[in-house]
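Working notes, beginning with the structure itself.
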There are 2 protein chains.
Amino acid sequence: METNQHVEKFYQAWGTLGSNWGINKTMAQIHALLLISENSLTTEDIMEKLNISRGNTNMNLRALMDWGLIQKEHKKGERKEHFVAEKDIWKVSRLIARERRKRELEPALKILEELRSIKDTDAESKRFKKQIDEVYKFTSMVDSILDKFIKSNTSWMMKIFAYIAK
Amino acid sequence: METNQHVEKFYQAWGTLGSNWGINKTMAQIHALLLISENSLTTEDIMEKLNISRGNTNMNLRALMDWGLIQKEHKKGERKEHFVAEKDIWKVSRLIARERRKRELEPALKILEELRSIKDTDAESKRFKKQIDEVYKFTSMVDSILDKFIKSNTSWMMKIFAYIAK
DNA sequence: ACAAATTTTCAGAAATAATTGAAAGTTTAA
DNA sequence: TTAAACTTTCAATTATTTCTGAAAATTTGT
């Protein structure tokens, strides 16, 4: 079966991409695997295909559920848990944006807000404040765009993307 | 001096943010330090403020220069190298986007293109190809937006951002 | 050409992150 | 209930990344 090699290539690539963006490689690979699987997969299926331990598989499946990227599926007559991924890539991108905004951007923004509110008036503090202010303004703009994006639907996204790319 | 504590808080936060996005913590901290320094700094200055070794400092300064985020500055009468950061946060964001696109998005896109060109015709391959296709289309759209963004200037960016956020 | 000042390199050490696997916990069917 | 089927947890191990520091290389002033 040729397709297996292609599937492997895909989840290897997705794993590398993920780890360059601060996401655990295995998590990204499991996600890739489910993303291109027609049918739901069990923990065993995943362990076998990716050659990883039960513990590792379980932990990363939980993480993917936390992110909202995959879901449990119960098959009648089967006791094992089956997992399916959200397949719509636009929706996937919104889910990822949501989590990263929450986990990384928001805490950074909080610190910038804190630093911005300094009341010192000597020259050095003023300069520092001014630079922080620019960083803050930029970051909160990114934050609000992300927010818009997360709450939007696919057709809005497509419209905006087309507008920008034109 | 109060400001020092604030400066420290800033580069700690920036370092954490960086490492969550696949950028070496020290690199992000040096960048933060230079970003809010009025004057250029030497390797010694940085080693001292961040409490890191000469080798580490040197490597990360090179990396920051590769990214185009900082530059050498020669001071008359001084033999040591001094470094200054690009201060305009809009420009900084374009430089970061450029590097990440080049280093991570482009290689991923190349693999997707490869997988997309499979000629197999059995049902499973067709399904696989269809899903890859969607991922590819989304990714190349992101890629072209990033390209536009990188080549744009600040006022274009502000206009687009305002349009989206409205 | 020399030597002091400075920068670069990189093998080994240290720190951090991911993974395993087996024991403990939970669920379910009879 | 009980026990088999299955999932979860987490201490210990393994892998990966980052950092150090001293030696080598380079640059510059005399």
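This is a predicted model, so every value here is computed, not measured. So that the names make sense, note that chain A is the first sequence line, chain B the second, and so on, each numbered from 1.
Taking atom NZ on A:K80 and atom C1' on C:dT27, their separation rounds to 15 Å, with Å as the unit. Put simply, NE2 on A:H74 is 12 Å from C1' on C:dT28, counting in whole angstrom units. Computed from coordinates, the A:E78 CD to C:dT28 P distance equals 14 Å when rounded to whole Å. Counting to the nearest Å, the C1' atom of C:dT9 and the CZ atom of B:R62 are 12 Å from each other. For the pair B:N20 CG and C:dA17 C1', the interatomic distance rounds to 13 Å; values are reported in whole Å. Put simply, CZ on B:R79 is 9 Å from P on C:dT7, counting in whole angstrom units.
When B:L41, B:D45, B:I30, B:L34 are each tested for a side chain to side chain contact (heavy atoms under 4.5 Å, CB included) with B:F83, only one passes: B:L34.
Proximity of residues 42-58 of chain B to DNA chain C (heavy atom under 4.0 angstrom from any strand atom) is restricted to B:R54, B:G55, B:N58.
Applying the salt bridge (charged side-chain N to carboxylate O under 4.0 Å, His left out) rule to A:K151 yields the partners A:D147; only residues at least two apart in sequence or on another chain are considered.
In summary, contact between chain B and DNA chain D, defined as any nucleotide atom under 4.0 Å from a heavy atom of the protein, begins and ends at D:dT18 to D:dT28 in the 5' to 3' direction.
Relative ring orientation between B:F161 and A:F138 is described as tilted, the plane-to-plane angle lying within the 30° to 60° band.
Taking the charged nitrogens against the carboxylate oxygens, A:R62 and A:E81 do have a contact shorter than 4.0 Å, which makes a salt bridge. Of the charged side-chain nitrogens involved, at least one lies within less than 4.0 Å of a carboxylate oxygen, so that B:R54 and B:E44 count as a salt-bridged pair. In summary, A:K9 and B:E113 do not engage in a salt bridge, as defined by a charged side-chain N under 4.0 Å from a carboxylate O.
A cation-pi contact, defined as under 6.0 Å to the ring centre and within 45° of the axis, links A:R100 to B:W21.
When the side-chain nitrogen and oxygen atoms of A:T26 are compared with OP1 and OP2 of C:dT19, one or more of them lie within a distance under 4.0 Å.
Distances from the side chain of B:M59 to the nucleotides C:dT19, C:dT8, C:dT9 place C:dT9 closest.
Between B:H82 and B:E78, the closest side-chain pair of non-hydrogen atoms falls below 4.5 Å.
Defined by atom type and a distance below 3.5 Å, a donor-acceptor pair is present between the side-chain atoms of B:D122 and B:S125.
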